[in-house]
Number of protein chains: 2
Amino acid sequence: MFSKSCEYALRATIFIAQQSHIGNKVNLTTISEAIDSPQAFTAKILQQLTKNNIVNAIKGPHGGFFIETEAMKTLNLSAVVEVLDGDSIYTGCGLGLKQCNDKKPCPLHFKFVAIREELKNMLQNTTLLMLVNDMELDIFHLKT
Amino acid sequence: MFSKSCEYALRATIFIAQQSHIGNKVNLTTISEAIDSPQAFTAKILQQLTKNNIVNAIKGPHGGFFIETEAMKTLNLSAVVEVLDGDSIYTGCGLGLKQCNDKKPCPLHFKFVAIREELKNMLQNTTLLMLVNDMELDIFHLKT
DNA sequence: ACTATAAAGGACAATAATATCTTTTATTAT
DNA sequence: ATAATAAAAGATATTATTGTCCTTTATAGT
Ligand code: FES
Ligand code: FES
């Protein structure tokens with residue numbers, strides 16, 4: 001469904017949001033351990049998330065990554081996915097045709113678009129704050 | 001969503017089904033032109049489809065690929081996807097956790113599984129014969 | 001038997017995705 | 001100023017996916 005990069009990005013973002021919500025900034029080592037991802041690769045992904053204003057980064061001692069609580073209210077999963085995987089998941093043809101639209105549809109088009117839209121809505125309607133609140137229940141995990 | 005291999009496989013299978021339905025066997029060149037796919041690569045994919053009894057192949061003059069009409073009634077898109085991409089699309093965690101189940105869910109699990117199941121049902125409930133019938137309307141395309 | 005056709009199979013090549021390593025820049029505390 | 005911490009940036013390595021090329025096997029028609 002999503003690329004590895006995107007999966008790590010989602011896990012990292014959710015973890016950072018969770019920690020930020022309880023007032024913690026987290027560094028690379030902490031993040032990659034918490035989400036069980038390759039550290040150096042995760043660093044690259046965090047750079048992209050920072051450049052695209054999904055997360056904030058502060059260098060130096062007591063620095064690290066964080067997300068402001070206000071931002072969590074509006075930031076959704078779709079924003080993260082778009083940074084890493086672009087919008088192909090929303091616009092791409094299920095059968096790989098170069099163009100996907102109602103004018104020249106592939107045989108799967110209408111069935112596929114219906115599901116694609118549901119995925120899109122789910123990702124757009126799920127904010128980081130919602131997930132952070134969910135995770136207070138302690139039944140959700142970010143690794144293994 | 002699907003790998004390139006799987007996309008080509010789906011397009012090829014639908015094209016072969018369509019042609020078989022009107023009594024034609026089709027060869028590699030015809031297929032790769034009809035679905036606009038790299039010919040040699042498509043050959044490899046057709047081998048897999050043949051080995052897994054999705055399509056039939058006959059060597060030699062007047063040979064080619066075909067699917068029997070009886071088989072089209074039961075063969076669904078899910079069978080094709082599973083040959084090329086395995087079942088990861090049905091069983092894999094949206095956030096890339098090694099295990100996806102209700103016992104140790106990721107924060108996206110329940111929302112994700114709902115959509116995954118819809119995709120699964122769509123692919124399982126769509127038979128090749130249904131698509132072939134749809135394509136008689138002449139509004140659906142397999143390339144560009 | 002010979003030739004043409006067409007799929008099957010094996011080896012190889014190019015590209016993209018994933019992952020690592022090293023150096024640089026910024027910040028804090030001593 | 002110096003040392004320590006931590007992210008940013010750049011270069012490189014590994015692996016998987018995608019794609020091509022060449023040879024072999026099977027079949028049909030002459
Ligand atoms: S054209 Fe294939 S999904 Fe829209
Ligand atoms: S555990 Fe992540 S989708 Fe099921």
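What separates CD of A:Gln39 from P of C:dT22 is a distance of 14 Å, to the nearest Å. Rounded to an integer number of Å, the gap from CG of B:Leu28 to P of C:dA8 is 10 Å.
Side-chain proximity of A:His62 to D:dT18, C:dT28, C:dA19: nearest is C:dT28. Listed nucleotides C:dA8, C:dT20, C:dA29 differ in distance to A:Lys44; the shortest reach to its side chain belongs to C:dT20. The side chain of A:Pro61 lies closest to D:dA4 when the candidates are D:dA4, C:dA4, C:dA7. Of the candidates C:dA7, D:dA28, C:dT20, C:dA7 carries the atom nearest the B:Phe65 side chain, counting heavy atoms from C-beta on.
Base contact: A:Ala40 has a heavy atom under 4.0 Å from a base atom. Among the protein residues, A:Leu46 comes within range of no part of the nucleic acid, since none of its heavy atoms lies under 4.0 Å from any strand. Here A:Val55 lies out of heavy-atom contact (under 4.0 Å) with every strand. Contacts of B:Ser5 with the nucleic acid, taken as non-hydrogen atoms under 4.0 Å apart, involve only primed sugar atoms and P, OP1 or OP2. Within 4.0 Å of B:Thr50, counting heavy atoms only, lie sugar-phosphate atoms of the nucleic acid but no base atom.
Taking the side chain as every heavy atom from C-beta outward, B:Leu119 and B:Met1 approach each other to under 4.5 Å. Residues A:Lys104 and A:Leu97 form no side-chain contact, since every pair of their non-hydrogen atoms from C-beta on lies 4.5 Å or further apart.
Using cut-offs of 30° and 60° on the angle between ring planes, the pair B:Phe2 and A:Phe112 is tilted.
One N or O donor and one acceptor, one from the side chain of A:Lys59 and one from the base of C:dT25, sit under 3.5 Å apart. Between the side chain of A:Gln47 and the base of D:dA9 there is at least one donor-acceptor pair of N/O atoms closer than 3.5 Å.
Proximity of A:Tyr8 to the phosphate of C:dT18: no side-chain N or O atom is located under 4.0 Å from OP1 or OP2.
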Start with the C-alpha distance between A:Leu49 and A:Val55, add both sets of side-chain angles, then the distance that settles side chain to side chain contact (heavy atoms under 4.5 Å, CB included), and finish with yes or no. CA-CA 6 Å; A:Leu49 291 174; A:Val55 304; 3.9 Å; yes

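One finds a salt bridge joining A:Lys98 and B:Asp36 here, because a Lys/Arg side-chain nitrogen approaches an Asp/Glu carboxylate oxygen to under 4.0 Å.
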